[in-house]
Amino acid sequence: MTLQGGGAVLEMRAISKAFPGVVALDGVDFHLRAGEVHVLLGENGAGKSTLMKILSGAYGRDAGEIVLDGQPVIISSPRDAQVLGIATMYQELSLVPQLTVAENILLGHEPARAGVINRAKLRESARRALQDVGLDVDPDRRVDRLGIAEQQMVEVAKALFRRARVLVMDEPTSALTAREIQRLFDVIRRVTASGVAVVYISHRMRELAEIGTRVTVLRDGRAVGTFPLSDISFDALIRLMANREVRDHFPRRRRAPGNELLRLEHLSAVSGVHDVSLTVRQGEIVGLAGLLGAGRTELARVVFGADPSSGGRVLMHGREITPKTPRDAIAAGIGLLPEDRKRQGLVLALSVCENIGLPSLARWSRLGIVSDRREWAAAERWVTDLRIKTPSVAERVVRLSGGTQQKVVLARWLAADARLLVMDEPTRGVDVGAKVEIYELMNRLTDAGAGILMISSELPEVLGMSDRIYVMRHGRIQAELDATAATEERVLQAALGLAS
Ligand code: ADP
Ligand code: MG
């Protein structure tokens with residue numbers, strides 16, 4: 001089979017997969033053509049990741065077949081998939097943090113003679129692979145010293161180095177700035193021009209229109225249709241995904257803010273925060289906009305006591321509390337929904353119940369003995385209340401979808417009575433329906449008098465949900481805008497340092 005002519009290079013036929021209590025995939029057909037960017041669209045839990053995990057050999061399937069170049073193939077391990085030229089970038093990056101960029105790209109393919117790795121060759125090959133993706137980093141840098149965006153580019157470089165023919169990207173842009181997204185798209189255009197097929201999972205409609213060729217919509221484990229992206233409207237796609245129209249993406253209920261809750265005075269940190277002063281009042285959502293690397297996550301970590309401050313003060317209710325540890329921050333009523341919730345926010349191996357209980361265990365314990373029964377009952381209340389989609393509170397959070405995991409983190413802070421929540425990209429990697437639910441929860445929190453400091457790289461979200469907006473740039477506050485007067489242009493100008 002040749003690479004042109006629009007024939008399918010890869011066919012997944014009638015794929016089914018059940019997990020205990022859930023049919024994740026029910027007879028799904030999925031055809032991929034060489035050189036296309038095929039978007040997989042669907043709400044959280046629709047089965048997108050499962051379908052791609054079957055393709056990449058991470059999961060087995062219950063029924064169905066996979067055909068590559070017209071030949072049925074057996075993919076029963078990630079190794080099988082790799083040999084067949086199928087590379088997958090998961091939502092959670094799979095690089096080895098302690099290794100260098102070059103070591104990661106060439107992992108398992110290191111140039112060596114008599115068992116001794118040729119470091120010069122290693123570096124040179126890596127440098128070429130990095131050039132292919134247009135990433136300018138030192139191949140000798142340790143991967144854990146890179147930001148998420150850079151790590152992602154390293155993953156693409158790694159897949160290209162392995163001569164992938166099918167490249168699966170699960171939410172590749174959720175951590176990227178507009179400029180980095182364009183760079184990633186350039187890379188995608190380059191690889192598809194050479195015949196590589198890309199499966200692209202994302203909820204960002206505007207991006208899909210820009211980069212996608214065709215789209216397959218999954219709903220509740222079924223494929224509900226495949227369309228050329230040029231032929232179908234966003235409204236139609238959203239209807240297919242959700243079976244209901246999501247009209248109001250930003251259901252912010254603005255209200256008069258109450259007393260001052262959080263005050264930062266000239267806060268600095270060596271991690272990249274310079275002289276930041278800001279306030280959040282009760283009932284208020286304050287947006288923190290800026291480009292990736294503007295220092296927003298760094299600021300969040302200092303406010304939460306996860307990183308030390310080097311100057312300035314943090315006050316809650318007018319009283320200095322400048323936290324030295326997260327424990328200090330939690331005691332002062334501050335909660336954090338971290339950017340990288342899989343790594344920092346949730347203990348993946350633990351159950352929903354244990355995750356919700358984490359910061360408040362101390363409160364429920366009597367004489368140091370945690371009451372399992374009360375913890376369980378409380379967790380069940382939150383699961384019902386927040387409509388957390390899980391078979392039971394005993395389910396391990398690693399098995400839940402992104403939106404559901406985010407709700408578990410929220411439940412944890414609600415259970416702990418946090419008064420101020422710092423939310424770092426709260427809806428990243430979350431589908432439209434779950435996004436609206438998270439926004440509703442934010443409304444509920446602020447209605448109850450909590451304050452929210454929301455970091456977001458999505459301008460419509462910042463503008464749609466915030467009452468006030470601070471824009472950060474190079475670790476400093478560049479502008480403060482009232483949300484009603486703010487426009488995408490004004491926020492961007494400040495973020496880019498172009499504001500007059
Ligand atoms: P999507 O990627 O579209 O959000 P997933 O493929 O992750 O959806 O999930 C589809 C369904 O399968 C969900 O109901 C999810 O909870 C379930 N599921 C996924 N992986 C597992 C697993 N390892 N164990 C149990 N259930 C799972
Ligand atoms: Mg998924």
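All ligand and atom numbering here is 1-based and tracks the order in the structure.
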Can you find a pair of side-chain heavy atoms, one from Arg183 and one from Phe185, that are under 4.5 Å apart?
no
Check each atom of ligand 1 against the heavy atoms of Thr50 and keep those under 4.0 Å away; list them by number with element.
5 (P), 6 (O), 9 (O), 10 (C), 19 (C)
Sub-4.0 Å atoms of ligand 1 with respect to non-hydrogen atoms of Ser49
1 (P), 2 (O), 6 (O), 7 (O)
Identify, with sequence neighbours excluded, every residue that meets side-chain hydrogen bond (donor to acceptor under 3.5 Å, both in side chains) alongside Arg444.
Asp385
Within-4.5 Å side-chain heavy-atom neighbours: Val143 and Thr100
no
Please determine whether any non-hydrogen atom of Gly42 lies less than 4.0 Å from an atom of ligand 1.
no
Would you say that Phe161 contacts His109 through its side chain, given a criterion of any heavy-atom pair below 4.5 Å between the two side chains?
yes
Any N or O of Leu51 that comes nearer than 3.5 Å to an N or O of ligand 1?
no
Any N, O or S atom of Ser401 closer than 2.8 Å to the Mg ion (ligand 2):
no
side-chain hydrogen bond (donor to acceptor under 3.5 Å, both in side chains) with Ser271: which residues, sequence neighbours excluded?
none
For Ala46, counting its heavy atoms only, list the atoms of ligand 1 lying under 4.0 Å from any of them.
1 (P), 3 (O), 8 (O)
